Peer 1: 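Pasting in a structure now, in C-alpha cells, and then I'll have a few things to ask.
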There are 2 protein chains.
Amino acid sequence: MWLCIDLCQIRDMSKHELPIIDAGVPDAACCAPLACEPLSESEAVELAPLFKAIADPVRLRLLSLIACHEGGETCVCDLTAAFDLTPPTISHHLKVLKQAGLIDSERRGTWVYYWIKPEVLARMSALIGPASPALAGTA
Amino acid sequence: MWLCIDLCQIRDMSKHELPIIDAGVPDAACCAPLACEPLSESEAVELAPLFKAIADPVRLRLLSLIACHEGGETCVCDLTAAFDLTPPTISHHLKVLKQAGLIDSERRGTWVYYWIKPEVLARMSALIGPASPALAGTA
DNA sequence: CCATTGCTTAGAAGTTCATCGAAGCAAGCA
DNA sequence: TGCTTGCTTCGATGAACTTCTAAGCAATGG
C-alpha cells in the first residue's frame, strides 16, 4: 500500500491537508520507481531511449521552450530562432523527441506546431524521483 | 519563497510532521522545472550530461540495482553478476555514473562499494516533473 | 503556373560511445 | 615473497550521434 501524494498541490496547501490520491495496489508501470525494485532488462531497454531523447542540451532546451510556450504549442520557426543551428538540425532534434514520444506535432497551413506530452515526462520523473508514485499512472 | 519538502521521508512519516528543509529564496538551479521558464543554454549544457548518464539500459539497471540494494550500497561483484557483460564494461558504466555525480564509491578491503546520491536524482526528477519545486534544492 | 517561404529528408563528415581483450593495481593469503 | 582475486585503466573497433549542405515537399501568393 502506498501513500500517493500529488506534489503539485503541496506548496499551496497547509501541511495538515495532504491529499491521498491513490491508496490502491500499484501496477508495474505505476508505482515502481528506480529504488523500489531492480529494473528488468526489458524495462530498462524501453525506458533508456526516453532519457536519451532529453540527454542533449539542444533537445532539453527545445523541450523547455515548447513546454513554456503559452498556448502549449510552438511553431518551429520560433524554435529555430532560439538557436545558433540550421533548420535541418532543429528538425532532426524535434524528430528525435517526437519518435521518443515526448512531443507531438501537426501542420496547420504554412506552419508546423509542436506540443509536449506531459504524461510521458511525468512517468520519467516518477521513475527517477523519490519513492512517490504520484503522477506516474499514465503511459 | 518555496516550501521544499524531503519526499524521501514522507512515506515513513505522519502527515503532520512534514519537515521544512529549506524555505529560503531559490537559486536559479533550484526551483525552475522545465515548463516554468525556458532553460538557458548554460543550464541545458549543465543538465544534459546528467540525463545522458542514465540514458543507457545498462546504466539504468545499475542505478536501480544500487538503489534497491539493502544497506544502500552494493559491491561491484554483485553488479557484474547481474549482466552479461565483462567486468571492464561494468566498470566503465559505473565510472560514467560516478563522473555524472549520480553515485559514489569507496574501497573497503578487497571490495569496492557503490551507493547512489539521491539528491541528484531528485533534482533531475523535479526538473522534468510537474511544476513542483520540491526536492530541487540540492546540487 | 511559377516564385517564395517553411519545414523535412537525404547523404556525408567528424565526433562520441559501448564493448571487448590485455594489462595494471590493490588487497588478502600461503 | 609470490600467487590469487577483485576491480580499473588502456587501447582498439565498430556503431551511433550531431551537424552541415543540398535537395525535396507543402502551402501561399502573384
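No hydrogens, no waters, no symmetry mates; every other heavy atom, side chains included, goes into these values. Keep in mind that this is a model prediction, so the values were computed, not measured. Proteins come first, then strands; the chains are lettered A, B, ... in the order of their sequence lines, and each starts at number 1.
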Peer 1: So, does B:Y114 get its side chain near the phosphate of D:dT8, meaning an N or O under 4.0 Å from OP1 or OP2?
Peer 2: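 B:Y114 to D:dT8 OP1/OP2: side-chain N or O found under 4.0 Å.
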Peer 1: With a distance cut-off below 6.0 Å to the six-membered ring centre and an angular limit of 45° from the axis, does A:R108 pair with A:Y113 as a cation-pi contact?
Peer 2: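 Yes, A:R108 sits over the ring of A:Y113.
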Peer 1: Assign each of A:R59 and B:T80 to its nearest nucleotide of DNA chain D by heavy atoms, then name whichever residue's nucleotide is nearer the 5' end.
Peer 2: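 The answer here is B:T80.
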Peer 1: Look at the side-chain N and O atoms of A:T110 and state whether any lies under 4.0 Å from the OP1 or OP2 oxygen of C:dT5.
Peer 2: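 A:T110 to C:dT5 OP1/OP2: no side-chain N or O under 4.0 Å.
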Peer 1: Considering only D:dT8, C:dA18, D:dA27, which nucleotide approaches the side chain of A:R107 most closely?
Peer 2: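 Of the options given, the side chain of A:R107 lies nearest D:dA27.
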Peer 1: Can you name the nearest heavy-atom pair linking B:V120 to B:G101, along with the distance?
Peer 2: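 Shortest heavy-atom contact: CG2-O, 3.4 Å.
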Peer 1: Report the distance from atom CZ of A:F83 to atom C1' of D:dT19, rounded to the nearest whole Å.
Peer 2: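 It is 14 Å, rounded to the nearest whole Å.
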Peer 1: More than 12 foreign heavy atoms under 6.0 Å from CD of B:E73: is that the case here?
Peer 2: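 Atom CD in B:E73 is packed in, count exceeds 12.
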Peer 1: If only side-chain N and O atoms of B:H92 are considered, is one of them under 4.0 Å from the OP1 or OP2 phosphate oxygen of C:dC17?
Peer 2: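 No.
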Peer 1: Please tell me which of the listed nucleotides, C:dC7, D:dT21, D:dT9, lies nearest to the side chain of B:K95?
Peer 2: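 Out of C:dC7, D:dT21, D:dT9, the nucleotide with an atom closest to B:K95's side chain is D:dT9.
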Peer 1: Kindly say if B:T89 contacts the phosphate of C:dC20, meaning a side-chain N or O under 4.0 Å from OP1 or OP2.
Peer 2: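 It does, given that an N or O in the side chain of B:T89 lies less than 4.0 Å from OP1 or OP2 of C:dC20.
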Peer 1: Side chain of B:W111 only, please: which of C:dA10, D:dG6, D:dT8 is the nearest?
Peer 2: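 For the B:W111 side chain, the nearest candidate turns out to be D:dG6.
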Peer 1: Could you state the CG-C1' distance from A:L94 to C:dT8, rounded to the nearest angstrom?
Peer 2: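 In whole Å, C:dT8 C1' and A:L94 CG are 11 Å from each other.
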Peer 1: Heavy atoms, side chains only, cut-off 4.5 Å: are B:L85 and B:T80 in contact?
Peer 2: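 No; the side chains remain at least 4.5 Å from each other.
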Peer 1: Starting at CG of A:L97 and ending at P of C:dT8, how long is that distance when rounded to a whole Å?
Peer 2: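 For the pair A:L97 CG and C:dT8 P, the rounded distance is 12 Å.
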Peer 1: Using the side-chain heavy atoms of B:V112, tell me which of these nucleotides is nearest: C:dA18, D:dC7, C:dC7.
Peer 2: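 In terms of side-chain proximity for B:V112, the closest of C:dA18, D:dC7, C:dC7 is D:dC7.
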Peer 1: With a cut-off of under 6.0 Å to the ring centre and 45° to the axis, is A:R61 in cation-pi contact with A:F83?
Peer 2: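 Pair A:R61/A:F83 counts as cation-pi.
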Peer 1: With the side chain of A:P88 defined as its heavy atoms from C-beta on, choose the nearest nucleotide among C:dT9, D:dT18, D:dT9.
Peer 2: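 Within the option list, the nearest is C:dT9.
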Peer 1: Choosing from C:dG21, C:dC7, C:dT19, which nucleotide comes nearest the side chain of A:C75?
Peer 2: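 Out of C:dG21, C:dC7, C:dT19, the nucleotide with an atom closest to A:C75's side chain is C:dC7.
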Peer 1: Would you kindly give the CG-to-P distance between B:L85 and D:dT8, to the nearest whole Å?
Peer 2: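 After rounding, the gap between these two atoms is 14 Å.
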Peer 1: Taking for each residue the nucleotide of DNA chain D bearing the nearest heavy atom, is the 5' side occupied by A:K52 or by A:D84?
Peer 2: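 Counting from the 5' end, the first nearest nucleotide belongs to A:K52.
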